[in-house]
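Reading through the structure tokens given below for one structure.
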Protein chains: 2
Amino acid sequence: MRALADPLRLQIVSLLAHETLCTTHLIAETGARQTNLSNHLRVLREAGVVETEPCGRYTYYRLRPEVLESLSEKLSALAATARSSADVRRPC
Amino acid sequence: MRALADPLRLQIVSLLAHETLCTTHLIAETGARQTNLSNHLRVLREAGVVETEPCGRYTYYRLRPEVLESLSEKLSALAATARSSADVRRPC
DNA sequence: CGCTGATATCAGCATGGAGTGATCTTCTCT
DNA sequence: AGAGAAGATCACTCCATGCTGATATCAGCG
């Protein structure tokens with residue numbers, strides 16, 4: 001969750017959802033500095049949201065859909081639980 | 001996203017998914033201070049994740065499943081897009 | 001009414017984390 | 001080998017935000 005909570009990181013994830021890109025493309029698309037982008041990409045990498053594929057002197061970043069899918073299912077399950085226990089209320 | 005990115009707030013949401021609670025219960029369950037909890041509840045309220053129902057001198061908090069559901073669908077859509085464009089790669 | 005308990009708000013402090021510039025490594029090309 | 005580009009890491013600054021204590025508000029009860 002925290003990895004996706006930053007606006008720039010969410011933008012990166014949206015871009016990567018459509019195509020695999022390397023850092024240079026992401027710099028061009030987002031307008032962010034290289035260092036800044038590299039930091040955010042590290043966060044996404046350590047959270048398992050993206051994976052890297054070195055290709056010569058470029059580094060391609062690809063989204064890992066499983067992670068998003070898994071988070072989506074967790075939220076959906078929470079929502080379902082909430083719906084089914086809508087009338088449960090602990091008395092004071 | 002940002003509203004759910006905090007661990008304490010996520011805990012609150014998990015608790016509220018099972019039953020509607022008032023602030024006193026949440027204090028007991030989480031062990032957090034009243035002020036702290038009230039601040040987080042405000043964040044969740046302003047994000048539309050929870051809604052309040054004043055009941056005498058108590059304030060009950062209830063989860064709004066639509067919001068979680070909507071976020072879940074957005075993530076799922078992103079994952080689906082990523083899957084379908086897994087082989088799309090912009091050349092450098 | 002005043003007291004007490006529930007909850008919200010305010011102001012201050014402290015820390016995490018985002019942004020930046022400088023530097024280092026590694027790859028490619030000549 | 002040397003130059004230049006891609007990209008990671010480091011060290012630093014600074015701001016957003018989480019936490020706290022004090023205070024305000026309001027409902028219920030004697």
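Lettering of chains follows the sequences in order, A, B, ..., and the numbering in each one begins at 1.
- Contact annotation: B/Tyr58 side-chain N/O to C/dA8 OP1/OP2 distance is not under 4.0 Å.
- The hydrophobic cluster containing B/Met1 also contains A/Val50, counting ILVMFWY residues as joined when their side-chain heavy atoms lie under 4.5 angstrom apart, directly or transitively.
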*asked:* For B/His25 and B/Tyr61: C-alpha separation, side-chain torsions, deciding distance, then whether side chain to side chain contact (heavy atoms under 4.5 Å, CB included) applies.
replied: CA-CA 10 Å; B/His25 296 137; B/Tyr61 279 86; over 6 Å; no
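- Applying the 3.5 Å distance criterion, the base of C/dA8 shares a donor-acceptor pair with the side chain of B/Gln34.
- Note: CG (B/Leu8) to C1' (D/dT17) measures 13 Å, nearest angstrom.
- Between the side chain of A/Tyr60 and the backbone N or O of B/Arg90, at least one donor-acceptor pair lies under 3.5 Å.
- In this entry the distance linking CG of A/Asn39 with P of D/dC10 reads 10 Å, nearest Å.
- One can find a donor-acceptor pair under 3.5 Å joining the base of C/dA22 and the side-chain atoms of A/Thr35.
- Remark: B/Arg2 is in phosphate contact with D/dT17, judged by side-chain N or O atoms under 4.0 Å from OP1 or OP2.
- An OP1 or OP2 oxygen of D/dA8 is reached within less than 4.0 angstrom by no side-chain nitrogen or oxygen of A/Arg42.
- Grouping the Ile, Leu, Val, Met, Phe, Trp and Tyr side chains by contacts below 4.5 angstrom, directly or via other members, places B/Ile12 apart from B/Tyr58.
- Between A/Tyr60 and D/dG7, a side-chain N or O to OP1/OP2 separation shorter than 4.0 Å is absent.
- Residue contacts shown for B/Ser38 include a base, since a base heavy atom lies under 4.0 Å away.
- A/Asp6 comes within contact range of the sugar-phosphate backbone alone, with a heavy-atom separation under 4.0 Å but no base atom that close.
- Atom CG in A/Leu26 sits roughly 10 Å away from atom P in D/dA8 (whole-Å rounding).
- Here the side chain of B/Arg45 is nearest to one of D/dT9, C/dA8, D/dC19, namely C/dA8.
- Side-chain proximity of A/Thr23 to D/dG21, C/dG19, D/dA8: nearest is D/dA8.
- The distance from atom CD of B/Glu46 to atom P of C/dA8 is 12 Å, rounded to the nearest whole Å.
- At whole-Å resolution of the value, CD in A/Glu53 and C1' in D/dG7 are 16 Å apart.
- Both A/Ala32 and B/Thr24 lie close to DNA chain C; mapped to their nearest nucleotides by heavy-atom distance, the more 5′-ward contact belongs to B/Thr24.
- Separating the CD atom of A/Gln11 from the P atom of C/dA18 is a distance of 15 Å, rounded to the nearest angstrom.
- Contact between the side-chain N/O atoms of A/Arg57 and the OP1/OP2 oxygens of D/dG7 is not found at any separation under 4.0 Å.
- As judged by a 4.0 angstrom heavy-atom cut-off over every strand, A/Cys92 is placed among residues making no nucleic acid contact.
- Follow the hydrophobic side-chain contacts under 4.5 Å out from B/Leu21 and you reach B/Leu8 in the same cluster.
- Atoms CZ (A/Arg33) and C1' (C/dA18) sit 14 Å apart, rounded to a whole Å.
- The main-chain N or O of A/Gln34 is never found under 3.5 Å from a side-chain atom of A/Ser38 such that the two would form a donor-acceptor pair.
- Contact annotation: B/His40 side-chain N/O to D/dT17 OP1/OP2 distance is not under 4.0 Å.
- For A/Arg9, a side-chain nitrogen or oxygen approaches OP1 or OP2 of C/dA18 to under 4.0 Å.
- One atom, CG of B/Leu41, and another, C1' of C/dT7, lie 10 Å apart when rounded to the nearest Å.
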